[in-house]
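Working notes, beginning with the structure itself.
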Amino acid sequence: MTTTVGPEAKAFLYELYTRTEGNPEAQVSMYEVGQALGLEKSEAGTMAESLYIQGLAELKTLSGGIGITREGLAVLEITIDLGPDPSLSLGTGRVLEDRGRTALDTILPEIKKTLEAARMSYPQLEELLMDIKTIEVQMLSPSPKTAVIREVLKSIHANFESSGSKVDYLSNFLH
């Protein structure tokens, strides 16, 4: 389904994209976005509300902090690397299936990139590196166990979360 927006909404969305540098995790004030386009606060609020309803923007804070969504980027015809596809999963079998292997091939480099940017204590880094190695060793098995990999990913997720790092891309692997 393709969403079409009017020129004013598209201009607002593009300004939002510019101010967040295209990062769906970032937030800016809807009022500042509107002000840059010459809109009053109430007009900016109405425009932002219209974009939320369409799924093109997301309300981040009750004080008017908003962000752009993947759908909003698509409307602007902007393609950026937002990390792995959120539909990736390990699967439910006892032994990791092909789709789980493919998902891990995608997610492990993302974990390593996040690790490089994270600000953590040495013991946290050491634990994360051992968790990554555990997954890599499990993948050497002719029958890698889905449950083992899932539990290690839960540990990685918990460590990143405790350090304040964003790892929303791991949530599909934790069930």
Side-chain angles (χ1 to χ4, degrees), residues 15-33 48 52 55-74 76 78-175:
E15 185 65 24
L16 177 59
Y17 161 76
T18 302
R19 289 176 177 261
T20 61
E21 298 176 351
N23 180 355
E25 300 299 320
Q27 72 176 32
V28 295
S29 167
M30 73 173 88
Y31 306 116
E32 289 177 13
V33 173
Y52 309 146
L56 307 177
E58 177 182 22
L59 183 64
K60 301 274 190 177
T61 68
L62 294 176
S63 61
I66 63 173
I68 195 163
T69 64
R70 288 178 187 245
E71 293 79 8
L73 291 168
L76 294 175
I78 295 171
T79 307
I80 60 173
D81 181 12
L82 295 173
D85 180 345
S87 67
L88 293 173
S89 75
L90 293 177
T92 57
R94 188 181 76 75
V95 174
L96 198 63
E97 300 161 0
D98 286 342
R99 79 177 199 174
R101 289 178 183 274
T102 301
L104 278 177
D105 288 344
T106 303
I107 204 76
L108 280 176
E110 288 298 319
I111 290 171
K112 291 174 182 178
K113 277 198 293 191
T114 304
L115 183 60
E116 289 173 12
R119 292 196 172 126
M120 298 181 170
S121 66
Y122 180 77
Q124 283 179 308
L125 283 173
E126 186 176 41
E127 182 178 348
L128 279 165
L129 288 171
M130 290 302 113
D131 284 346
I132 291 168
K133 288 291 179 201
T134 300
I135 290 173
E136 291 172 344
V137 168
Q138 187 63 214
M139 294 305 294
L140 295 174
S141 166
S143 301
K145 308 305 180 272
T146 305
V148 171
I149 293 169
R150 184 171 281 114
E151 288 304 314
V152 174
L153 288 172
K154 285 180 183 178
S155 172
I156 290 170
H157 184 262
N159 273 321
F160 276 133
E161 291 284 308
S162 72
S163 75
S165 298
K166 281 286 192 188
V167 287
D168 296 335
Y169 59 85
L170 278 177
S171 61
N172 289 347
F173 294 89
L174 305 179
H175 328 314

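Values below: every heavy atom of this structure, side chains too, minus hydrogens, waters and symmetry copies.
Here CG of L125 is found 11.0 Å from CE of M130. Values are rounded to the nearest 0.5 Å. The line from OG of S121 to CZ of R119 is 14.0 Å long, rounded to the nearest 0.5 Å. The OH atom of Y52 sits 12.0 Å away from the OG1 atom of T69 when rounded to the nearest 0.5 Å. Within the model, atoms OG1 of T134 and CD of E151 stand 12.5 Å from one another, a figure rounded to the nearest 0.5 Å. In this structure, CD1 in I111 is found 11.5 Å from CG in N159, a value given to the nearest 0.5 Å. Note that CD1 of I135 is 12.5 Å distant from CG of L140, once rounded to the nearest 0.5 Å.
Contacts classified as salt bridge (charged side-chain N to carboxylate O under 4.0 Å, His left out) and involving residues 126-135 (residues at least two apart or in different chains) are given here: K133-E136.
Under the 3.5 Å distance criterion, the side-chain polar atoms of T106 are matched with a main-chain donor or acceptor of T102.
In terms of heavy atoms, S143 sits closest to Q138 at O-OE1, 4.2 Å. Of all the heavy atoms in S162 and Q124, the pair that sits closest is OG-NE2, 3.2 Å. Here the shortest heavy-atom pairing between A26 and K60 reads O-CE, 3.7 Å. Contact detail for L96 and L90: the closest heavy-atom pair is CD1-O, 3.6 Å. Nearest heavy atoms, A48 versus M30: CB-SD, 3.8 Å. Nearest heavy-atom pair across L16 and V33 is N-CG1, 4.0 Å.
Salt-bridge formation is not detected for the pair E116/K112: no Lys NZ or Arg NE/NH1/NH2 atom is positioned less than 4.0 Å from an Asp or Glu carboxylate oxygen.
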(request) Could you walk me through whether I156 and L115 pass the side chain to side chain contact (heavy atoms under 4.5 Å, CB included) test, one step at a time? (result) CA-CA 10 Å; I156 290 170; L115 183 60; over 6 Å; no
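Applying the side-chain hydrogen bond (donor to acceptor under 3.5 Å, both in side chains) test to T146 and every residue at least two apart in sequence or in another chain returns nothing.
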